[in-house]
Visitor: 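My structure is below; once you've seen it, I'll send some questions.
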Amino acid sequence: MNLSQQILQYILSGLSTGAIYGLVGLGFAIIFSSTAIVNFAQGEFVMLGGMLSVFFLEVVKLPLWLAVPVAILTATMTGVAFERLAIRPLKQATPLSLVIITIGGSILLRGLAMLFWGKDTHALPPFSGNEPLTLAGATILPQHLWIFAVTLLVITGNKLFFYYSISGKAMRACAHNRRAASLVGIDVQRMVLYSFALSSAIGAMAGIIIAPLTMTSYDVGIMLGLKGFCAAIIGGMSSGLGTVIGGIVLGLLESFGAGFVSSGYKDAIAFVILLLILIIRPQGLFHRGESERV
Amino acid sequence: MLGKTLAAAQIALLVLGVGNSALAAQPIKIGALFAVTGPASFLGEPERNTAQMVVAEINRAGGIKGQMLELIVYDTQGDATKAVQAANRLIKEDRVVAIIGPSTTGDTMAVIPLVEKEQIPLISCAAGIKITEPLKKWVFKTAQNDSLAVAKIYERLVRQKISRVAILTVSDSFGSSGREQLKAQAARFGIQIETDDTYGPKDTDMTAQLTRIRGSQAQALICWGTNPGPAVIARNAKQLGLKLPLYMSHGVSSKKFIELAGDAAEGITLPSGRVLVAELLPESDRQKKSLLGFVKDYQRHYNKEGDHFGGHAWDAVMLLKGAIERGADTPATIREQLEKSRGFAGIGGIFNFSPQDHAGLASDAFVLVEIKNRDWLLVK
């Protein structure tokens with residue numbers, strides 16, 4: 001295997017893991033932009049997506065095409081319940097206490113998942129076959145194509161929703177200025193609920209499409225959540241392309257780092273980047289500073 | 001009112017009655033420390049289940065020479081500090097005569113100074129070689145050393161005239177112990193390690209490492225880890241079309257690995273305790289009776305297949321039972337009798353303890369198995 005083939009393989013591996021990080025990151029960004037909360041339970045919705053679809057497929061014996069939407073729906077309902085029961089009841093909570101609540105929520109969800117489904121790892125069957133596809137000497141699985149397709153779909157869907165629908169526009173208004181938004185008659189609380197529903201649905205979707213590749217267990221949410229958070233920070237917490245690009249940058253760096261430097265530094269690379277961005281460009285790579293919004 | 005008084009009297013009688021019978025039976029108290037929750041729960045859970053099952057079976061059969069056993073289990077959560085606290089409680093409050101466990105090498109090493117000082121025999125279920133080397137007077141263990149598993153793989157490679165290997169190990173204590181052994185024993189077998197890569201226990205894609213290995217001179221890949229990492233590696237290797245023969249560690253010797261890796265598991269070879277292939281063993285195998293008994297009991301009690309982790313606890317309880325049967329009843333006499341255990345055919349292998357050897361197993365404690373048609377095949 002020559003060097004250019006190796007490089008191509010690293011790029012493909014990086015793109016596919018990066019797209020996942022991006023999808024998880026989108027969940028962070030959507031909630032952050034409408035509520036200014038960093039929802040650390042986001043990783044748990046990724047886990048729920050995967051575990052619920054395994055549950056509906058293997059225990060309830062639904063066919064795959066039905067198990068997936070039912071799993072997304074259940075995870076979304078969980079997200080809505082989480083907002084209703086844990087976030088909304090708090091009057092005049094500071095962002096810090098809300099963040100701590102989301103951490104508590106993530107521990108709760110993880111614990112419940114462990115009690116319900118045990119500690120074993122589970123695999124989901126691939127959506128369309130397991131035969132590797134060869135691309136100029138590098139290989140990729142059909143499931144990777146699903147990941148790319150879903151990522152593109154989610155970015156496009158988000159763009160359309162946030163720019164062309166009333167609810168989407170209202171959510172963006174809340175992001176810019178909650179007080180002003182409520183003055184013009186936007187129901188801010190409802191928008192917060194929408195953002196939780198949307199981000200848990202996207203998170204669950206990410207969890208489902210990766211489960212055939214990476215497998216799933218009650219605790220996959222921790223690391224994926226952190227990497228998704230990294231992606232969202234690199235992308236400046238934008239609910240569109242920025243975060244996905246952030247994820248892909250992260251995926252590529254990890255893959256090249258593991259390939260050319262040492263696999264031991266893979267996670268270190270991600271967290272060093274996170275720290276650097278937070279110190280040097282806290283507004284993200286693609287944002288033009290906070291002041292221009294005013 | 002009268003009814004209430006009567007009920008209270010009844011309860012009091014009941015309590016007294018139970019107290020009396022317990023006093024009469026004088027159960028032998030055995031302590032157990034297992035990592036039932038936390039990252040090492042894949043060890044601790046089957047170990048606890050097995051220990052409880054074996055003790056219940058012994059008691060149902062009338063105990064040991066009429067004396068019942070009482071098992072007191074504490075969860076260490078795989079945390080050395082908690083392990084020491086729990087060991088303290090077992091020794092000072094519960095006054096046990098012997099301790100089974102802990103599940104991990106780290107927990108065991110932390111507990112050793114305490115049991116040595118308090119002079120309580122400990123039968124560890126962890127694999128680390130440093131538990132019994134150098135020898136400690138009060139410490140025994142039932143899990144096979146990693147070094148035996150490494151030797152088993154290297155012996156096979158030498159027979160197949162393979163001398164260049166790539167190793168890919170997980171960056172936790174299991175993986176780093178395996179990595180150390182793989183590197184330490186390579187020279188003895190004339191094996192050269194071409195690439196030495198690691199991956200994180202929670203990593204979900206290892207194609208980068210495998211791509212690097214594919215570009216190297218290696219003739220075989222040895223991967224050291226516990227689920228789910230090795231299953232991801234097997235799938236990634238298949239995706240990349242990696243042609244190298246793939247070897248795994250005994251860390252994945254359970255049906256779960258085949259389930260997770262699916263088709264990608266085909267042709268993978270790994271060292272394993274005999275428990276996996278109990279059915280396939282020839283009738284002449286001395287362990288076969290114990291193995292089948294354990295597998296059958298575990299299936300009946302927990303509706304799951306017994307694995308070799310549970311087997312470590314089975315061996316520990318049965319060794320203890322043997323010692324007590326031979327007349328031991330205090331910590332000191334139990335230790336003495338344990339040391340005299342010879343030719344005990346357990347789950348992990350044939351144990352021969354001696355004053356010089358508290359691990360008691362030879363390299364035939366492992367067999368090599370290959371995965372064929374989603375099942376195990378004994379490699380000759």
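Keep in mind that the numbers below use all heavy atoms, side chains included, and drop hydrogens, waters and symmetry copies. Just so we're on the same page: letters track the sequence lines, and every chain starts at 1.
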Visitor: Do Thr207(B) and Ser13(A) have a side chain donor and acceptor closer than 3.5 Å?
Guide: yes
Visitor: With chain A, which of Asp203(B), Leu168(B), Thr37(B), Asp196(B) has the greatest number of heavy-atom pairs at distances under 4.5 Å?
Guide: Asp203(B)
Visitor: So which of Leu12(A), Leu141(A), Ile20(A) has the biggest tally of heavy-atom pairs under 4.5 Å with chain B?
Guide: Leu141(A)
Visitor: Evaluate the side-chain proximity of Lys202(B) to Asp219(A): yes if any heavy-atom separation is below 4.5 Å, no if none is.
Guide: yes
Visitor: Of the backbone (N, CA, C, O) and the side chain (C-beta and beyond), which part of Thr198(B) lies under 4.5 Å from a heavy atom of chain A, both, or neither?
Guide: both
Visitor: Does anything in residues 217-225 of chain B get under 4.5 Å of chain A by heavy atoms, and if so which residues?
Guide: none
Visitor: Heavy-atom pairs under 4.5 Å with chain A: which of Glu45(B), Arg235(B), Gln209(B) has the most?
Guide: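 Between Glu45(B), Arg235(B), Gln209(B), the count favours Arg235(B).
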Visitor: Please classify the contact of Pro126(A) with chain B as side chain, backbone, both or neither, using a heavy-atom distance under 4.5 Å.
Guide: neither
Visitor: Count the heavy atoms of every other residue, nucleotide or ligand shown that sit under 6.0 Å from CH2 of Trp146(A), and state whether that count exceeds 12.
Guide: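 No, the 6.0 Å shell around CH2 holds no more than 12 heavy atoms from other groups.
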Visitor: Can you tell me which portion of Leu213(A) sits under 4.5 Å from chain B's heavy atoms? Options are side chain, backbone, both or neither.
Guide: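 The backbone, not the side chain.
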Visitor: If I measure from the heavy atoms of chain A, does Ala264(B) come under 4.5 Å with its side chain, its backbone, both, or neither?
Guide: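 Contact with chain A: none, neither part.
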Visitor: Can you name the closest pair of heavy atoms from Ala123(A) and Leu260(B) and give their distance?
Guide: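 Here Ala123(A) and Leu260(B) meet closest at N-CD2, 3.9 Å.
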Visitor: Given that the side chain runs from C-beta out, which part of Glu131(A) has a heavy atom under 4.5 Å from chain B: side chain, backbone, both or neither?
Guide: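 Interface part for Glu131(A): side chain.
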Visitor: Atom CG of Asp205(B) and atom OG1 of Thr17(A): how far apart are they, to the nearest 0.5 Å?
Guide: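 One finds 5.5 Å between CG of Asp205(B) and OG1 of Thr17(A).
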Visitor: For residues Ala258(A) and Ala208(B), report the shortest heavy-atom separation together with the two atoms involved.
Guide: CB-CB, 3.8 Å
Visitor: Please check: side-chain N/O of Lys256(B) versus main-chain N/O of Thr121(A), any donor-acceptor pairing under 3.5 Å?
Guide: yes
Visitor: About how many Å separate CG of Asn130(A) and CG of Asp263(B), when rounded to the nearest 0.5 Å?
Guide: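 Separation between the atoms: 6.5 Å.
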Visitor: Just verifying a value: how many Å separate Leu224(A) CG and Thr204(B) OG1, rounded to the nearest 0.5 Å?
Guide: 6.0 Å
Visitor: Indicate the atoms forming the closest heavy-atom contact of Val232(B) with Met215(A), along with that distance.
Guide: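 Closest pair (atom of Val232(B), atom of Met215(A), distance): CG2-CE, 3.5 Å.
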Visitor: Can you give me the closest heavy-atom contact between Gln239(B) and Ile140(A), atom names plus distance?
Guide: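 Nearest heavy atoms, Gln239(B) then Ile140(A): NE2-CA, 3.6 Å.
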Visitor: From Gln6(A) CD over to Arg214(B) CZ, what is the distance, rounded to the nearest 0.5 angstrom?
Guide: 8.0 Å
Visitor: Can you say whether Phe256(A) sits under 4.5 Å from chain B via the side chain, the backbone, both, or neither, judging by heavy atoms?
Guide: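 Answer is neither: Phe256(A) stays 4.5 Å or more from chain B.
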